[in-house]
J.: 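Okay, handing you the structure first.
So you know, we letter chains A, B, ... as the sequences are listed, proteins then strands, and number each from 1.
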2 protein chains.
Amino acid sequence: MSPQLRQHFEKITPLSDQEFEYISTHFVAKKFKKHQFLVQEGVPVPNDFFVIKGLVKASFTNDENKEHILQFAMEDWWVCDYQAYFNKTNATLNVDCLEDTEVLCLSLTNREKLCAELHKIEHFFRRKSNSGYIALQQRILSLMNSDAKGRYESFLKQHPTLFQRVPKTLIASYLGVSRETLSRLSS
Amino acid sequence: MSPQLRQHFEKITPLSDQEFEYISTHFVAKKFKKHQFLVQEGVPVPNDFFVIKGLVKASFTNDENKEHILQFAMEDWWVCDYQAYFNKTNATLNVDCLEDTEVLCLSLTNREKLCAELHKIEHFFRRKSNSGYIALQQRILSLMNSDAKGRYESFLKQHPTLFQRVPKTLIASYLGVSRETLSRLSS
DNA sequence: ACTTTTGTGTGACGTATGTCACACCATTAA
DNA sequence: TTAATGGTGTGACATACGTCACACAAAAGT
């Protein structure tokens, strides 16, 4: 199985060959084409996804059919509708591919099994979750504190790669601005 | 030590008397008066706080002296500047008391020690962090999807207690709206 | 090769919300 | 008792941003 996953774990905790081999049996590789859905609103969410290759977005679409992007995920990112995943409810988000993408799927059962069996893994996921929490707090601050231009610029700074790979329409929807406003900012 | 903390842990994982007794030696009780700071911008943040009694706010103040509230915390809530705490940097947030409050302090060292020694505790904090993450995602969606009125109403629904204990000026600053706009909403 | 879809710019206009100003009351401190 | 502080309402006005409309080009699908 992908050495990418191992490297990813080992940024936080070292693993023996056996340990990693054991861990990797709990993941399932899958491929998706552009426009395919990893998670679809209204249906259960058995898996969390670790992106090996490609690019996806996680988004919420409201009653007026306006889409708000919660997250992009490219190589080495995790993505899911975590609310639905952890609470075993139906998804309220969609996760779909902006490019052809390859992922490793981790079912909730396998995740909890690994966490229970290997303290290291529980530690890993705690650390991941902590960082995620902090990042979201930053995002909230940026939504409250900065105007469209400020958010646009700090996105550009923090995610130059995404900025190139993602259409601006979607970046607008990630930043919480209309497509038109974003367009006027860059000109 | 406070049975409140034990109950709080046991919502997620059962503990023996000895276990809890051991755990509790890692916490330090402290009392603060209204207007005192638990965390102050620019200084290190050695502790995370579990609120036993009282009410605090965690906020960011920008260059124009505008305050944005990231979180309120009352009984049974955890509060901190987690970015500074986990990364051992200086605080960018302030945490201060809206009421006289009693907390249990958990240093980063003790937290990591407990997590390493007791798998249960690492599990506890992973679960906590996961829920926190999900809650912040919801908040982001609400900032992007709802207008002032919508956010105000869902805050009222979700936190009727806070609504009573917290001045509306501060609720406004939590919701990302001006004091005046919020005032006009309720009338 | 043709059509459809996707991405992007730009003008005109409406509106939700911010800002500034002032007034009033309740509470706390001196 | 007075003064200072904190919380709230409300009017007048400014503005950032959304919405709708149209145009055009590039990419994708047939």
J.: Run the side-chain contact (heavy atoms from CB on, under 4.5 Å) test against A/K113 and tell me which residues pass, sequence neighbours left out.
T.: A/Y22, A/H26, A/N110, A/E117
J.: With sequence neighbours left out, write down each residue that passes side chain to side chain donor-acceptor pair (under 3.5 Å) with A/N94, or none if nothing qualifies.
T.: none
J.: May I ask you to decide whether B/K120 forms a salt bridge with B/E10, counting only side-chain N to carboxylate O separations under 4.0 Å?
T.: no
J.: Respond yes when some side-chain nitrogen or oxygen of B/T181 is under 4.0 Å from OP1 or OP2 of C/dT17, and no when none is.
T.: no
J.: Could you check, using the six-membered ring where one of them is a Trp, whether A/F155 and A/H159 have ring centers closer than 6.0 angstrom?
T.: yes
J.: What is the bend of the helix from C/dT3-D/dA28 to C/dA30-D/dT1 when you compare the axis at one end with the axis at the other, using five pairs each and rounding to 10°?
T.: 50°
J.: OP1 or OP2 of C/dT19 versus the side-chain N and O atoms of B/S178: is any pair under 4.0 Å?
T.: no
J.: Answer yes or no: does a side-chain N or O of A/K149 lie under 4.0 Å from OP1 or OP2 of D/dA16?
T.: no
J.: A/S178: which residues meet the side-chain contact (heavy atoms from CB on, under 4.5 Å) condition with it, sequence neighbours left out?
T.: A/E180, A/T181
J.: Any donor-acceptor pair under 3.5 Å joining the side chain of A/R184 to the base of D/dT19?
T.: yes
J.: Indicate yes or no for a side-chain donor-acceptor contact from B/D81 to the backbone of B/T92 under 3.5 Å, with no hydrogens or angles considered.
T.: yes
J.: With a distance cut-off below 6.0 Å to the six-membered ring centre and an angular limit of 45° from the axis, does B/R111 pair with B/F86 as a cation-pi contact?
T.: no
J.: Heavy atoms under 4.0 Å is the rule here; annotate nucleotides 21-30 of chain D 5' to 3' with B where the base is hit, S where only the sugar-phosphate is, and - elsewhere.
T.: B---------
J.: Using the ring-ring contact (aromatic ring centres under 6.0 Å, His included) criterion, which residues pair with B/F27? Sequence neighbours excluded.
T.: none
